[in-house]
**Student:** 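Structure provided below as structure tokens; questions to follow.
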Amino acid sequence: MSAMHEPNAQQIIDEKLYRQMGMTDEEFDRAVNMLGRHPNYTETGLFSAMWSEHCSYKSSKPVLRKFPTEGARVLQGPGEGAGIVDIGDNQAVVFKMESHNSPSAIEPFIGAATGAGGVLRDVFSMGARPVALVNSLRFGDLTDARDRYLFEEAVAGIASYGNTIGIPTVAGEVQFDNCYSKRPLVNAMAVGLLNHEDIQKGIASGVGNSIIYAGATTGRDGIHGATMSSAEVSVEKEGELPVMQAGDPFLEKLLMEACLELVKSDALIGIQDMGAAGLTSSAAEMASKAGYGVEMNLNLVPQREEGMTAYEMMLSESQERMLIVVKKGREQEVIDLFSSYTINAVVVGRVTDDKMLRLLHKGEVVAEVSADALAEDSPVYDKKSEEPAYFKEFQAAEMTEPVVDDLHATLKELLQRPTIASKEWIYNQFDTQARSNTVIAPGSSAGVIRVSGTTKGLAMTADCNSRFVYLDPETGGKIAVAEAARNLICSGAEPIAVTDCLNFGSADKPEVFWQFEKSAEGISEACLKLNAPVISGNVSLSNEVDGVPVYPTPTIGMVGIVHDLSHVTTTEFKNAGDVLYVIGEASLDFGGSELQQMTEGKISGRAPVIDLDVEAVRQKELLTAIQTGIVQSATDLSEGGLAVALCEKAFGAKGLGAGVTVSGSPVTALFSETQSRFLVSVKEGDAEAFEKTVTDAIKIGVVTESDSIVINGDEGTLIDGTVTELHAAWKGAIQCLLNSEG
Amino acid sequence: MKFAILVFPGAGCDVDLFHAVKNVLGYEAEYVWHTESGLERFDAVLIPTGATYGDYLRPGALAKSSQIIDSLKAFANSGKPVLGVGNGFQILAEIGLLPGAFLRNKGLKFRSGNTKIVVDNTNTQFTADYQKGQELTIPFAHEFGNYYVDEDTVAELKQTDRIVFTYADGNSDGSTASIAGVVNEQGNVLGMMPLPERAVEEIIGGTDGLPLFNSILKNWSENNVCHA
Amino acid sequence: MTKVNVHVTLRESVVDPQGIATKEALQTMGYNEVENVRIGKLIELELTGSASEIDARVKEMCDKLLVNKVIEDYRYEIGEVAGK
Amino acid sequence: MTKVNVHVTLRESVVDPQGIATKEALQTMGYNEVENVRIGKLIELELTGSASEIDARVKEMCDKLLVNKVIEDYRYEIGEVAGK
Ligand SMILES: Nc1ncnc2c1ncn2[C@@H]1O[C@H](COP(=O)(O)OP(=O)(O)O)[C@@H](O)[C@H]1O
Ligand SMILES: [Mg+2]
């Protein structure tokens, strides 16, 4: 659409054109009031993008305010590109998680790839060098061809971006459930490191300072991506295909190196990546945060296509672009710096004192809007919240044990469930060791990288069992945080902070909003209890297919410090003869369990109970034991319970087995998903010390030299299988499903 | 002994080699940017892995347009050691310092992890510290690791004993004759897909790559005793 | 046997990073006359079956598998009977 | 402006894993008439400069950069003057 054909202010009102851009009548009126006149087409576009859920958090803000965001280590909480946490020695860790669900539903390879690219820019725009990637994925159960395609392509997309730019993926998670069929969730998390003095912010201050645009050219791709990602995607009516914003990891690598050099320069005032809502959000937010204005001449914006309008340029979501504010008079040295990396950088405007975002194009002022109105004064909604009927019903249901006739066959079948099966198929496609700092690659509880030049490490993980969140959002929210912390603890790390990606259905549905609120409450409580404040995050609403919301999926990304790399601990058994302990007893917890889903084809009942006090004590004691050096291997019990965890420990490279004895009902003892439990192996000589340190440890058996997993119950043998057979079933399951037809 | 580590645009893993050579082995190492020319002041040149130029067109291909290439060829012709790992190997093949070319992995996907390779030739300045037939565990990470040479060339490589490493575990991604590493005719240019620089510390990747770097150093010391 | 060449190209508004990098490399090598490079796929099919059906079948294959219409366009040429 | 389409194909003696996988996928989908699939590249160049020179220059670009003759063959068509 060329400028000539652009509707005028009156047509926008008469034909309610703002609705096509995702604005409600009330929101448009609000914009008119703030502006004191009727907005033109470009201005309407600015408002609609900035007031989309994705940019403004208008529905989620009131809920997000509940998160604990402060702590002794926190240097930067939510509000910037990424959060920052002190790790000592003048260094800090920077991290953030982002969703790329909508684009990934349409074109999974590009959607997932640009997700990784975007979150990396969030991290290096803070001045930090990205050191690791983590991801969290949700797909249908792979019985449908479209879901298999989405899964394969999304993984390949993440791999392509991360591998090409040379940043290792060290952890991740994936859950398969048909509530995500055709509506996958693709969340990417990036972790970076910086020295305190290099911390940057996205601000545009100092009248007369210059605005520099650096990176890729602006095209017509991804226009209205921000509004799109806040709406349900109806997949593909031909001819209506949106233009995808493809990623260029090669360019991003150059841009990253240039930006990391630039942060050392005192010419730099502020820097921000052009993410959702592109040039609009970066310019408005940088001005608003600093309390200044920004004037840009759009003629100067590097354009990929001919005849682009102001509207198109401002709303494009072309990838690999940064907006930078530099001191007046220092422009050329910054441009030269970029040019030494073959990156195009040009001055496109200047900082003003009038707090306006003013845009010039072809010699005319094409937009003039208060930066605060766009970035700060978006509407905030107190959405209606209502407890769904299913919740009461499930809470009242009687707890039952799923019916199982053959324990061994059930264990084997569980090991082949894609959610439990080996994730090698995924992480073998990632360069997990690039940059030579990966101490634990994917395959154990958390990924660990060393902080070079120190004896410290950083552990990271992403977790969320959305079935529990669905059955009981508050409890499920707590469990997500607790599980992430358990994975760090088991790796020898002390949790320090959280990023999140809150993936939900439409917030206009009171039941969905209730899930959102309740899970946020659970997350908050657990973060407080476990000492891990929320420092960054992302909200993705409207994840629905045909009006049915996905399970509420508030993914938790957590980072911990390994105070000394000698504490690093992994899942797999280390030596025959080691004593096996389970921490915590099993109870009747099958609501939302993998076994329930497998045997009944659906989930119901109550989510497992979690007592955060017990959780905190057990985590602390186990970490102490690990730090004392008396733990050989550790893992938490999650999907599939004790039997599955035991197998995973035996599936290591050492070829060891186990013999254990459990008591009580066999199905509960083997498969219950009771919370706050761990499985740990300890050298015989350290058994006494371990029992002293970890109060709730129960000795259940030993690690054996043999190729067998034997689990005895009160009345004889429950499981007696070979490691070889079980391992093969677990290892090949995802590939097997992908080979299936239909 | 002084190592040059070439840095092409987009290379991600120059840091891996630098860390191995400088921090772990304690040798002198310097990054050399692709726009420079002249490598005479170095005793060995290392070409890292990573996706130079985004692996666009063909992995290693766009590096041909870099200014440093002429100096690299001159350096190789002078007989001093050149080692290209991963993408570095692909670049050496593209510019003709080593035979062959690279196809997409047989399984069509990027693969990474550890692989087992056998040392087939200890008669090179890169492998003198290994035993013939020794099996090594070395990390790898590539999408185009499927090394192709035609029949005549394989025969020639075998005859002249230029196949230095072969895959031992069937994880060859389709490489002709399971070749994991080859040298040029003069024996001073080695290309290999597995990444020895990621196997120089116990805590990360093991130490099976150490003897490779030590071999280079030993050979250099023997030949440069009088300058030492 | 019929030979069909399918030309798959990126849709015009989708960025082609490969093409851009290749163009820059060509220019660095002195080919300054190169204004634009786009890199697509060439899929060569060899098919049996009646010539009358081939057109419709190939279109179907493109739509269902060979081409990703979110980002790609295509055209094809039905060629001579391959002579061997 | 002149448009040149360079067709880059894998040499016949080189196995094309992608082509094989695509053929198998097509057959699984019921396209049993597909006997062979090879996947190559289509490089579209836009060039300025005199028509008389273009042929030689493009050949050089192919030999020096665009094509790896160890594994690939190529041919190109010099097309119409692009109309914009
Ligand atoms: N999408 C993924 N990307 C990278 N690694 C993954 C991914 N999914 C799972 N993994 C890795 O596989 C291992 C097992 O994952 P998971 O079963 O989720 O572990 P846990 O139950 O301990 O959280 C972990 O090391 C995890 O990091
Ligand atoms: Mg775990």
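To find a chain, count down the sequence lines: A is the first, B the second, and so on, and within it residues start at 1.
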**Student:** Is it the case that the side chain of B/Lys64 and the backbone of D/Lys64 share a donor-acceptor pair, with hydrogens and angles ignored and the cut-off at 3.5 Å?
**Tutor:**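 Yes; at least one donor-acceptor contact below 3.5 Å.
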**Student:** Yes or no on side chain to side chain contact (heavy atoms under 4.5 Å, CB included) for B/Asp150 and D/Val14, after CA distance, side-chain angles and deciding distance?
**Tutor:** CA-CA 8 Å; B/Asp150 63 29; D/Val14 176; over 6 Å; no
**Student:** How many angstroms lie between CG in B/Leu108 and OG1 in D/Thr22, if you round to the nearest 0.5 Å?
**Tutor:**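 Reported to 0.5 Å precision, the distance equals 7.5 Å.
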**Student:** Is the number of heavy atoms from other residues, nucleotides or ligands under 6.0 Å of B/Lys2 NZ greater than 12?
**Tutor:**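 Yes, enclosed.
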**Student:** Let me confirm one number: the CG-CD distance from B/Leu103 to D/Glu72, rounded to the nearest 0.5 Å.
**Tutor:** 8.5 Å
**Student:** More than 12 heavy atoms of other residues, nucleotides or ligands under 6.0 Å from CD of B/Gln186: yes or no?
**Tutor:** yes
**Student:** Could you pull out the closest heavy-atom pair between D/Leu65 and B/Ala61, with the gap in Å?
**Tutor:** CD1-O, 3.5 Å
**Student:** For D/Leu66, is there any backbone N or O sitting under 3.5 Å from a side-chain donor or acceptor partner on B/Arg58?
**Tutor:**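 Answer holds: yes.
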**Student:** Report which part of B/Leu57 has an atom under 4.5 Å of a heavy atom belonging to chain D: side chain, backbone, both, or neither.
**Tutor:**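 It is both, since atoms from each part get that close.
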**Student:** For D/Val8, is it the side chain, the backbone, both, or neither that has a heavy atom closer than 4.5 Å to a heavy atom of chain B?
**Tutor:** neither
**Student:** Step through the shown structure and confirm whether more than 12 heavy atoms of other residues, nucleotides or ligands are within 6.0 Å of NZ on B/Lys116.
**Tutor:**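 Open.
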**Student:** Counting only heavy atoms from other residues, nucleotides and ligands, does the tally under 6.0 Å from CD of D/Glu77 exceed 12?
**Tutor:** yes
**Student:** Measure D/Lys41 against the heavy atoms of chain B and call it side chain, backbone, both or neither at under 4.5 Å.
**Tutor:** side chain
